[in-house]
Every structure is written in structure tokens, then in C-alpha cells.
Amino acid sequence: TFRWNSTGVTIAGSSTGTSGIGANRLNYPYALAIDQNYSLFITDSHNDRIQRFSSGTSAGVTVAGSSTGVPGPNATNIDMPVGIVIDPNG
């Protein structure tokens, strides 16, 4: 049975609401998706990246874009991602 938790639990980003570029911070998270392994993918728009948070972890791994927040239209960087879709076939 599911019950509402009125206190909430931070599962990604800073529990104080502080933005940043670190692996445990987000800056304007915009969209999210969950894969079949219960990993949480978040478009971190103002850091120009997509972060994956595995179940039970508090730090994300950059899976698209630059971990340093550098935007750009080239093979390794993205610019302000605002959507994400997870393919169930990998």
C-alpha cells in the first residue's frame, strides 16, 4: 500500500535547493524518465547535460553532454535539453 509522505525525500540534486555543476547538483532540471533498472534520467537544462541517478545513489553520472556544463552543437555537447525518452530496448 502506498501512502503520501508529507516530508518528502530528495532523490536527486540538492536537498537545500542549491543549484550547481557538481555530480550531486542540478541547474534547472526540466524532464525526467525512469528506465527498466529504475535509474532516473534528468535533463539538467542549464548545465547542458543529461544525468543518470542509479537507484540508491545521490550523485549523478553524465550520460549526454558535458559534465562541465559546456553547451554546443557538436558530437559530445548538447545545448539546454528539455525532453527525454528511454528506449526499452537499450
Could you tell me which non-hydrogen atom of G83 sits nearest to which non-hydrogen atom of A31, and how far apart they are? CA-CB, 3.9 Å
Donor-acceptor under 3.5 Å (R49 side chain, I21 main chain): yes
Any sub-3.5 Å donor-acceptor pair from N47's side-chain atoms to G20's backbone N or O? yes
Atom pairs and distances, donor-acceptor, side-chain atoms in residues 63-72, under 3.5 Å, two or more places apart:
residue : atom : partner : partner atom : Å
S66     : OG   : T68     : N            : 3.1
S66     : OG   : T68     : OG1          : 2.7

Just verifying a value: how many Å separate [X] [atom1] and [Y] [atom2], rounded to the nearest 0.5 Å?
{"X": "L32", "Y": "F41", "atom1": "CG", "atom2": "CZ", "result": "11.5 Å"}
{"X": "Y30", "Y": "M80", "atom1": "OH", "atom2": "CE", "result": "9.0 Å"}
{"X": "S55", "Y": "Y38", "atom1": "OG", "atom2": "OH", "result": "9.5 Å"}
{"X": "S39", "Y": "I86", "atom1": "OG", "atom2": "CD1", "result": "9.0 Å"}
{"X": "D44", "Y": "L26", "atom1": "CG", "atom2": "CG", "result": "4.5 Å"}
{"X": "I42", "Y": "R52", "atom1": "CD1", "atom2": "CZ", "result": "12.5 Å"}

State plainly whether one hydrophobic cluster holds both I78 and I84, where clusters connect Ile, Leu, Val, Met, Phe, Trp and Tyr through side-chain heavy atoms under 4.5 angstrom apart. yes
